[in-house]
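Worksheet for the structure shown next.
No experiment lies behind these values; they were computed from the predicted model shown. Hydrogens, waters and symmetry mates are skipped; everything else that's a heavy atom, side chains included, is used.
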Amino acid sequence: MQFLDLAPIRSAAGTVKLPGSKSISNRALLLAALASGETRLHDLLASDDTRVMQDALRTLGIAVKQEADMTVVIGAGGAFPVKAAELFLGNAGTAFRPLTAALALCRGEYRLSGVARMHERPIGDLVDALRGLGAAIDYLGVAGYPPLHIKPATINAGGKVSVRGDVSSQFLTALLMALPLTGRQTTIAVEGELISKPYVEITLDTMRRFGVEVVRDGWAAFTIPAGAHYRSPGELWVEGDASSASYFLAAGAIGGGPVRVDGVGRASVQGDVRFVEALEQMGARIAMGENWIEAGPPGGTNKKLRAIDADFNHTPDAAMTIAVAALFADGPCTLRNIGSWRVKETARIAAMATELRKLGATVEEGKDWLRVTPPAALRPAAIDTYDDHRMAMCFSLAALGGVTVRINDPQCVNKTFPEYFEVLSQISR
């Protein structure tokens, strides 16, 4: 399908069961592969990104199989058994970065590549850190970017290694998950401000569930203890995807609601549940339980959302939903500290600005900020999605403005939420 035309949506209300979290799913798959024992994963996300990870693990000698409604992984109890492989990892950063680190410590020869956009996403800070440990990694294209050639090397684990924290938290996550393979105590020092801290919290939580407790010095240093070893928890339930929840909660706030999402709530380990704080600032009515969140429109006679000026360093993915919700605000909305958008699935600051303008918004953009002034009335538009799943999903909300919205290349949602448009239609009138 080259495009999908969304008819104007008059209202949105209902309940959505969320797919599993991408961030938790791919972390759990990797750690289950490195752990001793068999892990039964429940509610694992079924999407392109998790398929890429599972295919890579099978290529590396790990048994991954489906049994009824769960995914079963039989771990290697350490390094991957296959010592030579070529892996194609699409545009899955949650697979490419952690696998790079783990494979660099496996004393094998591996070639890692992806789609063209993956080859534009920086990885140099992670490679530099791994080289500091003795890893042998060559760039097969432009220095600092994939594709990569990892060669057998003796790792000088133990002591201290440094990594920048202000480009992508996935670099720190990759090192954290890989270093227990060495069995040595190693401290990771973070240079500069660490962005997207909640994603590191997900990493630490998942590692803890597999038996490795990291010692922290705030956000500045993380120590892997000597003798650390991943052990299967037996069974693990993957909570719903909080980033995906943002689209439906915003629909409830814009479209009359209420809309409830099941699978995330107060008990969530995902930082993107803080998305509801931004919705509340905009006047939305929010209710929350341990495993559910519900959103409705502002109370009173004025149903417009309030304009906000907010920092989204901790919730960069969900912030895209706020940028589209800004079309329904009573004034200009400013999103700050979103510089990480530039190294995501597409250059998101420029992409968001371009597509919001098609709908009639006035948009100003900076290095790490975006200001959206809503139009008096939305215009129908054909939205380009840049092979970026979140562009497709967040711009679907524009149909709540009483206009037809064409989503080009709608299949890009397969990366994290293949059934997204079907689920949206179920709560739309």
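- Side-chain contact check for Thr100 and Tyr110: no donor-acceptor pair (N or O, by modelled atom type) lies under 3.5 Å.
- When Leu60, Leu105, Thr59 are each tested for a side chain to side chain contact (heavy atoms under 4.5 Å, CB included) with Phe80, only one passes: Leu60.
- Between His119 and Ser113, some side-chain heavy-atom pair lies under the 4.5 Å cut-off.
- Each of Lys151, His149, Lys83 was checked for a side chain to side chain donor-acceptor pair (under 3.5 Å) with Glu109, and the lone residue meeting it is His149.
- Side chains of Asp384 and Asn408: a donor on one and an acceptor on the other come within 3.5 Å.
- A side-chain N or O of Thr187 and one of Thr223 form a donor-acceptor pair less than 3.5 Å apart.
- Side-chain atoms of Tyr199 and Asp317 form a donor-acceptor pair, as typed in the model, at a separation below 3.5 Å.
- Between Glu364 and Leu370, the closest side-chain pair of non-hydrogen atoms is not below 4.5 Å.
- Outside the 6.0 Å centre-distance limit, the rings of Phe96 and Phe88 are not counted as a close aromatic pair.
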Take Asn414 and Asp48 through the side-chain hydrogen bond (donor to acceptor under 3.5 Å, both in side chains) test and state the conclusion after the steps.
-> CA-CA 6 Å; Asn414 292 344; Asp48 285 351; 4.7 Å; no
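- Side-chain N/O atoms of Thr173 and Thr203 include a donor and acceptor closer than 3.5 Å.
- Taking Arg40 as the reference, Glu38, Glu235 meet the salt bridge (charged side-chain N to carboxylate O under 4.0 Å, His left out) condition, with sequence neighbours excluded.
- Between the side chains of Gln66 and Thr71, a donor-acceptor pair is found at a separation under 3.5 Å.
- In this structure, a donor-acceptor pair under 3.5 Å is present between the side chains of Arg390 and Tyr247.
- Side-chain contact check for Thr315 and Asp272: no donor-acceptor pair (N or O, by modelled atom type) lies under 3.5 Å.
- Here the rule is side chain to side chain donor-acceptor pair (under 3.5 Å) with Tyr420, and of Ser244, Ser425, Ser396 only Ser396 fits it.
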Yes or no on salt bridge (charged side-chain N to carboxylate O under 4.0 Å, His left out) for Glu419 and Lys17, after CA distance, side-chain angles and deciding distance?
-> CA-CA 11 Å; Glu419 300 85 17; Lys17 185 180 188 312; over 6 Å; no
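- Judged by distance alone, the side chains of Arg266 and Asn291 never bring a donor and an acceptor atom under 3.5 Å apart.
- Looking at Arg357 and Glu365, a side-chain N of the basic residue comes within less than 4.0 Å of a carboxylate O on the acidic one, giving a salt bridge.
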